Each structure stands twice: as C-alpha cells, then as structure tokens.
Protein chains: 2
Amino acid sequence: MTLHTSQTILRKSLHHELVDRLQPLIINSELKPGTKIPEKQLCERFGVSRTPLREALKVLASDGLVRLEPNRGAWVTQVTQEEVDEVFPVLGALEALSGELACKHITDAEIEEVRALHAQMIRSYESRDLDAYFSVNQKIHRAILLAARNATLTTSCQALSLRMQRARYLANMSEGRWYDAVQEHEKILQCLVARDGPNLAATLLHHMDAKRASVVKWLQSQETTDAI
Amino acid sequence: MTLHTSQTILRKSLHHELVDRLQPLIINSELKPGTKIPEKQLCERFGVSRTPLREALKVLASDGLVRLEPNRGAWVTQVTQEEVDEVFPVLGALEALSGELACKHITDAEIEEVRALHAQMIRSYESRDLDAYFSVNQKIHRAILLAARNATLTTSCQALSLRMQRARYLANMSEGRWYDAVQEHEKILQCLVARDGPNLAATLLHHMDAKRASVVKWLQSQETTDAI
DNA sequence: CAGCGTAATTTTGAATTCATAATTAAGTCA
DNA sequence: TGACTTAATTATGAATTCAAAATTACGCTG
C-alpha cells in the first residue's frame, strides 16, 4: 500500500480533498442516484484508506448527497419530487436575498462581468449547447451570489444548489421552458444593472419556481420509465 | 478499553450520536469558543475511540461549529460580529419563508400549541426567567418551522440557528430589547392566527434583524472585555 | 537570564486490524 | 424444484497502531 505515485492525492487533509472529489462524481451521476457507494473501489481509485473516505462520506451525508444506512453502508441519494418541491423554495428565498444584497454591493466591473456571462449564455442558447448553457448559467448565479458579500449565504446556497444540480442537469428543458428561462435572465440582468433589489429578488424567486416546475415535470415524465 | 458500562453510548452510529452530544457542549459553551477541542479528553468522556469522534468533528466543521486546522486539530469557532451580520439575514430569509409556508399548512391544533407556548413565554418574561424564555422562544420558532412542512427548510434553519444560539444565549438582552421582542412575538402569534403569510414573513424578518442588532450590540460591549 | 537550537514528548492524520452485522452461498428436507 | 436453515464470505463500524507533524522541554551559548 501507500503508493505515493502519480494520481495519489496528498494535499491539505485527505477527507476534505475527498469531499471535493466525490461531489462531482455524484453530480454528474458517475455515482448513480440510489446506488450503493463502492467504498472499497473508491479507496483503491483514490489510493487512500477507508478512514478518510468514510469521514468524507459523513460530511456528504450531512449535505444530503449521500444517505448512510447503519451497518449497511452509504448510498447516493435520489432526487425525488418531494425533495425538489422542498429544496427549490428554500433556494428561491436564498437567491432572492442574494439578489437583494447584490444590488447593494455589486461594483460596475462586476456588473460588466455578469453582462459578459449573460451574452455568452445567449450564444450557448442560440447554438442549443445545453452543457455550455448550464455551465454559464451557474456562473451567473454564482457571480450574483458573490456580489452579495455574504459567505454564509454563498455556502448555504451552494449546498442546496449542488443537491439540485444533477436533477437540473439531467432534466432536459423543453424548448418553451428554455426560451422562458432566457427571458427571465434578461430581466435579471436588467434589474442588476438598475440595481433594483426588490425587483431582482422577485425575479429570481419566480425564476427558481419555474425551474422547480420544469424539473418536476421532467421527473414525472421519467417516473413511468425509471427513477433517476 | 471497550467499557460497555453505564454512561457509554451505543445507539445507531457512534459518529451521529457524538454530533448530537457535542453540539450542546458547544452551544452552552462548555466547550468555549476559540479554544482547542480536547480530542483525547472527549474520547475518554464518551468512552469511544478517536475514529468516530473525528468523524463527528468533520461534520461539525461543515456546519460551522468547529474549525479544523490541518495538523493542528479542531477548534471551537468564535462568534464574530462579521458572522452575526452574515448569518442573521440568511436566517431571516429562511424564517420568513417558514412563516409564509406555515400559514398555508398549519392546523388549528398547531396554532393552539403555539398559543400555549406563547403564553408560557410571556410568563417567563414576566418572571424574568431568561433561561426559560429562551427555551420556549426556541420552541415557538421550531413549531412554526415544523408547520411549514418542509424538512429541508427545517434543517437549514436549524443549522444556522445553532451557530447563533450560543451568541443569543450569552447575549443578555437589554430590558428594552426584551420588551420589544415580546411585542414582536405578539404580532407573530396574531399573524399566525390570521394565517396572514406575507405579514408573518415581514414580522419574522424584522424580528431577526432586531435580534441581530441586539446580539451585535452585546458583542461590541464585550469587545472591550474579552472575545467570546 | 534571555534567546536559540535540538531532543523528547505529545498530538494529529491516516492505515491497519478486529469484532460484529449483513449478505451471499451451500446444504437440507419437503 | 423451492422454501428454509445454516455456514462461509464479505462489508461495515470502530478500536488500535504507526508515521509524521507540531508542541513542549531541555540545555547550551552569549
């Protein structure tokens, strides 16, 4: 054991590194929702022992990405409709707050950054590049979040966002919904430029609820086929 | 070792049990903010090995109650003014949402429960029993939260609430602030009875901001003396 | 005696080990 | 064959061990 070659990780603390490495695996569904987490396999893959891996799993469980069953191991949580109906309203409230605060603190330079991201997102929309669209979309929401200058808000938002991300990613938007989402983003940008906090908050709230509805719709269409 | 006598805990998973046991120690400042967490000592106290204790510390760290310093151990986080100014607005947004949702879902029986708790809180106020007041106060907020029927909201709220709790607990309210807080609670009850969601949301938001201001004021008064 | 450098000690992080619970496989009998 | 037991295997949870880092204690020098 103890192979310190190539891929093996060693940075700060192993468990923290593992949290950062496992999250993407769960989000992009390399570790499939509802499946058991192959502890041994992941230990070998990352070249670590079970101790730090298990520490990481405890943290991921407290973030809701993993479910621990006593004496039966860890499982990737499923994204259920109930969860979506729960999480999006909370996320909505937090994003609304972030919009409110962002309008108070955002600099002109940061607004320009968002404007550039927005333009890039429009291009992704026009070329129907869903991957790129999602990625830039995330960046816009994150930029607003950062402009709010509230680390706690950022952390809370991102934790919940992560949980929804794989559902959002998997959920192919309908053409109509995609169009609407882009329109909503136009308004978001306008509010930000005008530094109209209450209006931005309301817009983000609506945006989140529309996303929720879209994801739920997709989940229901999948229900007949297979659980994600 | 392995003494399975008396005090030793054995329920579900040790790490989960330890999280539940350590939280109160941190909140009531038995483990003092800014101090190092005595890993060995706690292991002996709970009759467990370091492995599950360290797992628990990782979880507490992700909740912001503990700070991990690589190779230097775990420390109880301090409640700083910056943190208070960050956390209370987030908590406000979440409590506002909980009020909104509670008005939609709360049953008559649950309203009566809150009414009873409220009466009890008034009695604690009148007899200037701060401990009892805080305890019932918590229960009221929790009752509203539960009435919102949103487990994610409950979890998020409680996590942040915990972080502020020890500050709130330590912060002796001024006589004037205490009076105002009771008045705000009167209004909260009224809104709930009337099932006036928007009004309850606004009231809770204000309530949280007033709490924030009160805690900050107290923190500043302590600044000259000693950091908590 | 103050400041510095080194050795001893303690603490930490992570691997390993070990007991126990859960799962799988094998065998029994109707 | 198929349900039911029981034995073998595997996985989990937690204690223990071990190497490395940090802290403390000690002694030396000026």
Side-chain angles (χ1 to χ4, degrees), chain A residues 1-23 25-26 31-32 34-63 65-77, chain B residues 1-23 25-26 31-32 34-63 65-77:
Chain A
M1 258 309 125
T2 55
L3 46 142
H4 281 287
T5 45
S6 60
Q7 284 293 52
T8 312
I9 54 188
L10 35 129
R11 216 181 63 180
K12 40 191 176 184
S13 72
L14 232 25
H15 99 276
H16 191 287
E17 177 78 14
L18 285 168
V19 168
D20 287 350
R21 291 258 217 150
L22 289 170
Q23 271 178 354
L25 294 190
I26 293 173
L31 292 173
K32 295 199 184 61
T35 63
K36 196 162 175 351
I37 291 183
E39 206 176 273
K40 204 168 192 177
Q41 201 174 304
L42 289 174
C43 285
E44 283 167 20
R45 169 169 183 170
F46 294 127
V48 301
S49 75
R50 283 174 58 220
T51 305
L53 184 77
R54 287 167 55 79
E55 287 171 349
L57 291 176
K58 306 281 186 277
V59 172
L60 291 171
S62 92
D63 286 347
L65 288 177
V66 156
R67 185 167 34 87
L68 300 175
E69 293 195 11
N71 291 321
R72 303 202 348 101
W75 305 72
V76 182
T77 52
Chain B
M1 259 308 129
T2 56
L3 45 141
H4 281 286
T5 45
S6 60
Q7 284 294 54
T8 313
I9 53 188
L10 35 128
R11 215 181 61 180
K12 41 190 173 185
S13 71
L14 233 22
H15 100 276
H16 192 285
E17 177 78 14
L18 285 169
V19 168
D20 287 350
R21 290 256 218 153
L22 290 170
Q23 271 177 353
L25 294 190
I26 293 173
L31 293 173
K32 295 199 184 62
T35 63
K36 196 158 168 5
I37 292 182
E39 206 175 273
K40 204 167 191 174
Q41 202 175 303
L42 290 174
C43 284
E44 284 168 20
R45 171 169 183 171
F46 294 126
V48 300
S49 75
R50 284 174 59 222
T51 307
L53 184 76
R54 287 167 55 77
E55 287 171 349
L57 291 177
K58 305 282 186 279
V59 172
L60 291 171
S62 91
D63 285 348
L65 288 176
V66 156
R67 184 167 36 85
L68 301 174
E69 293 194 11
N71 291 320
R72 301 201 351 100
W75 305 71
V76 182
T77 52

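In what follows, chains are A, B, ... by sequence order, proteins preceding strands, each numbered from 1. Side chains are part of it too, since the values below use all heavy atoms of this structure and drop only hydrogens, waters and symmetry mates. Just so it is clear, the model here is predicted, and its values are computed rather than measured.
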Starting at atom [atom1] of [X], determine the distance to atom [atom2] of [N], rounded to an integer number of angstrom.
X: A:Leu68; N: D:dA14; atom1: CG; atom2: C1'; answer: 15 Å
X: A:Leu18; N: C:dA15; atom1: CG; atom2: P; answer: 9 Å
X: A:Leu57; N: D:dG13; atom1: CG; atom2: P; answer: 10 Å
X: A:Trp75; N: C:dA22; atom1: CH2; atom2: P; answer: 13 Å
X: B:Glu17; N: D:dA14; atom1: CD; atom2: C1'; answer: 15 Å
X: A:Leu14; N: D:dA21; atom1: CG; atom2: P; answer: 14 Å
X: B:Glu55; N: C:dT12; atom1: CD; atom2: C1'; answer: 16 Å
X: B:Lys58; N: C:dT12; atom1: NZ; atom2: P; answer: 10 Å

Taking the side chain as C-beta and beyond, is there a heavy-atom pair between [X] and [Y] under 4.5 Å?
X: B:Glu55; Y: B:Val59; result: no
X: B:Thr51; Y: A:Arg54; result: no
X: A:Glu17; Y: A:Val48; result: no

Between D:dA14 and B:Ser49, counting only base atoms on the nucleotide and side-chain atoms on the residue, is there a donor-acceptor pair under 3.5 Å?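 No such pair is found, so the answer is no.
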> Counting only heavy atoms not in B:Lys40, do more than 12 fall under 6.0 Å of its NZ?
Replying inline: no
List every contact pair, protein side and nucleotides 10-12 of chain D side both N or O, where the distance is under 3.5 Å.
{"residue": "D:dT12", "atom": "OP1", "partner": "A:Lys36", "partner atom": "NZ", "Å": "2.3"}

Next item on the list: For the pair B:Leu22 and B:Leu42, evaluate side-chain contact (heavy atoms from CB on, under 4.5 Å) and give the outcome as yes or no after the intermediate values.
Entry: CA-CA 9 Å; B:Leu22 290 170; B:Leu42 290 174; 3.8 Å; yes
The side chain to side chain donor-acceptor pair (under 3.5 Å) partners of A:Gln41 (sequence neighbours excluded) come to none
